[in-house]
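Note on naming: letters A, B, ... go to the chains in the order of the sequence lines (proteins, then strands), and numbering restarts at 1 for each one.
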Amino acid sequence: MRISKSFVPTLKEVPNDAVVTSHILMLRAAMIRMVSAGIYSFLPLGYKAAKKICEIIRQEMDAIGGQEFHLPALNPKEIWEETNRVEAFGDTLFHIKNREYVLAPTHEEIMTFHARNVLNSYKDMPQIWYQIQTKFRNEARPRSGVIRSRQFLMKDSYSFDTSWEGLDHSYELHDKAYRAIFDRCKLKYFVVGASSGAMGGTGSEEFMVKSDAGEDTVAHCESCGYAANVEVAESRVNSKIRDEKSKDVYEIHTPNVKSIDELCEFLNIDESECAKSRVYIHNGEAVLVLMQGNDEVNESKLTKALGGNIRPAHPEELMEITGADAGSIGPIGYKGRIIADNRIKDANNLYSGANKNDYHLGGIDLFRDVNNVEYLDLRTVLSGEGCPRCENNLQVFSAIELGHIFKLGTKYSEAMGAMFLDENGKENPIIMGSYGIGVERIMACFIEQHNDENGIIWDKVLAPFDVHLIALNMKKQQITEAAEEVYNKLINQGVDTIYDDRVDAQAGVKFKDADLLGMPLQIIIGEKKLKEDLLEVKIRKTGKRFDVPVDEIHNKVKEILTND
RNA sequence: CGGGGUGUAGCGCAGCCCGGUUAGCGCGCUUCGUUCGGGACGAAGAGGUCGGGGGUUCGAAUCCCCCCACCCCGACCA
């Protein structure tokens, strides 16, 4: 591709609206342009990279027996009503105004629509059907460029099995395929075993990439691979060891002491000796939650343990419930349900609020002084805490969900009447799985992981072009002639080459653009070296340069591209 | 949807607080000349509903009201 005749509008400056690295680089490197919030056009370079990703996905999906479909984005609303997902998706589902259609945010319904009445014998299964297509979701807040948008490319596949064992097998196939895909895309990722979400089902895994632009917070152990959403993550922490002797409970005047830190400073004690109190309203009833020191209540864990809905009590309610304001609340004298974190199970000689403003109590023995305390894991894990599975430590960070594999079960087949007859002539619902991958997210994550201050550093597997050919001064005939020859020969050999043949661009401009676009290999043709029949090759990743005789350039390029 | 921020030439910004000729600057763009291995130099140009609407005023990019768009934080996320 000749740059002089192509649309490669690189940007020298950082666009005002872009914040995350991948977004900035995708705009600057002429891969995408925004049309509206969360709506992007792929420019030619970006689309080439997208197609390479899709091709890798396709190969790996085909390798597990997947069959590619092309389904409509425009769906009759009534199909979505069969599964009650018009309501379930709510505002996230785009509705067409002048006809009863919706824009598909995913394709369980359409795939099940094709499966029902057609896959009607156990002999017809298993099947794996997939597609790579545009999905539409009316995200309340699109962000981070292409990472969360309203229209995006997704590979989604669906498995149809006659048994739960069959589903397990289809799921395992997808797990393997996904690892192969992300490995081939040179992504550093990890796998989080997620609990079944609102989609219903028996098991799922999320493929995640560490990134500040991520929307999930996860705890991850590098050494054993333990990974969990922080909402459910556990860690190895010391519990408060029970002192041999329990002191008597005594009152301490603590004027203006509100926080655990202030209490520790005021009494010159360690935070591990304190029990922090939080009051939640659970289905209308007050619950006192006790945590050690500054440990944070994990509301997800609390919700899961209690069931129903919880919310923190309002300040006005606190006085009514406990007789004190936040900062002076404690378990002694509290009437009502008390739940404490495992870390302070049966601990003694604790400090906590006195349920009287400006007073705290010391010498609290939860075993002796407080009846009916329920103990649960309620902590939010912190970076640096011990991994629950091995001897190393956890890191807590935000991450992007790249892909999700999911054992759906019979939710959709039952709702839509997708039944089959088994060997005994008995009717059963088809057992399904669903499996998604965000194509743009692969691209964005790759760029997040492979860039430097000059731009993108493509690996050849995803690079829009293999080689970036730079003719430094197109006004010199020798250079032009040499460049044209090299270019044509590369093209003829099937080396995908982008050729900077701009007559009016300075050398510096061409170098900067080449680094920004980030093709793996640069071939530089300059006057001095050409006089000695030499060209220069630069490896983008390492920055290494070396001279190659003109006659040998094609072999050298092939050699580097196949070996690297 | 709540909180915060921004909107002035293709891009990045100044001007606004304290209203006053033809609204500036850098990059980019056009033409000419010089330069030609890390975003060159000189000269001459083109390019603007100052996000939109309404109001105050002799006069509004500037002050007031309403709306819109985009970004960030939060909520939400099948």
is_close_aromatic(F182(A), F207(A)), centroid dist under 6.0 Å: yes

Given RNA chain B, 5'-ward residue of the pair L472(A) and S144(A), judged by closest heavy atom: L472(A)

Among rG37(B), rC70(B), rG26(B), the nucleotide that comes nearest once only the side chain of A507(A) is considered: rG37(B)

Phosphate OP1/OP2 of rC73(B) contacted by R141(A) side-chain N/O (<4.0 Å): yes

rC18(B) and rU22(B), which share atom name C1', separated by this distance in whole Å: 24 Å

Can I get a per-line list of side-chain donor-acceptor pairs under 3.5 Å for residues 527-534 of chain A, giving both atom names and the distance, sequence neighbours left out?
{"from": "K529(A)", "atom 1": "NZ", "to": "E536(A)", "atom 2": "OE1", "distance (Å)": "2.8"}
{"from": "K529(A)", "atom 1": "NZ", "to": "D547(A)", "atom 2": "OD1", "distance (Å)": "3.1"}

Shortest non-hydrogen contact between L27(A) and A18(A), atoms and distance: CD1-CB, 3.8 Å

Donor on one side chain, acceptor on other, K155(A) and S157(A), under 3.5 Å: yes

Any N/O donor-acceptor pair, E13(A) side-chain to rG39(B) base, under 3.5 Å: no

Residue-phosphate contact under 4.0 Å: S36(A) side-chain N/O, rC70(B) OP1/OP2: yes

Watson-Crick/G-U partner (both atom distances under 3.5 Å) of rC1(B): rG74(B)

Under 3.5 Å on both distances, the Watson-Crick or G-U partner of rG37(B): none

Complementary nucleotide of rA43(B), counting Watson-Crick and G-U pairs under 3.5 Å: rU31(B)

Assigned partner base of rC50(B), Watson-Crick or wobble definition, under 3.5 Å: none

rA60(B) - base-pair partner by Watson-Crick or wobble geometry, distances under 3.5 Å: none

Sugar-phosphate, base or nothing in reach of A37(A), heavy atoms under 4.0 Å: sugar-phosphate

Would you tabulate the side-chain donor-acceptor contacts of residues 38-50 of chain A under 3.5 Å, counting partners in other chains and residues two or more places apart, or write 'none'?
{"from": "Y40(A)", "atom 1": "OH", "to": "H23(A)", "atom 2": "NE2", "distance (Å)": "3.3"}
{"from": "K48(A)", "atom 1": "NZ", "to": "P464(A)", "atom 2": "O", "distance (Å)": "3.2"}
{"from": "K48(A)", "atom 1": "NZ", "to": "D496(A)", "atom 2": "OD1", "distance (Å)": "3.4"}
{"from": "K48(A)", "atom 1": "NZ", "to": "D496(A)", "atom 2": "OD2", "distance (Å)": "2.4"}

Neighbours of RNA chain B within residues 19-30 of chain A, by heavy-atom distance under 4.0 Å: V19(A), R28(A)

Ring-face cation of K407(A) near Y171(A) (centre distance under 6.0 Å, axis angle within 45°): yes

Per E536(A) side chain, nearest of listed nucleotides rG37(B), rC71(B), rG39(B): rG37(B)

Complementary nucleotide of rC25(B), counting Watson-Crick and G-U pairs under 3.5 Å: rG12(B)

5′-ward residue of the pair E527(A)/R143(A) relative to RNA chain B: E527(A)

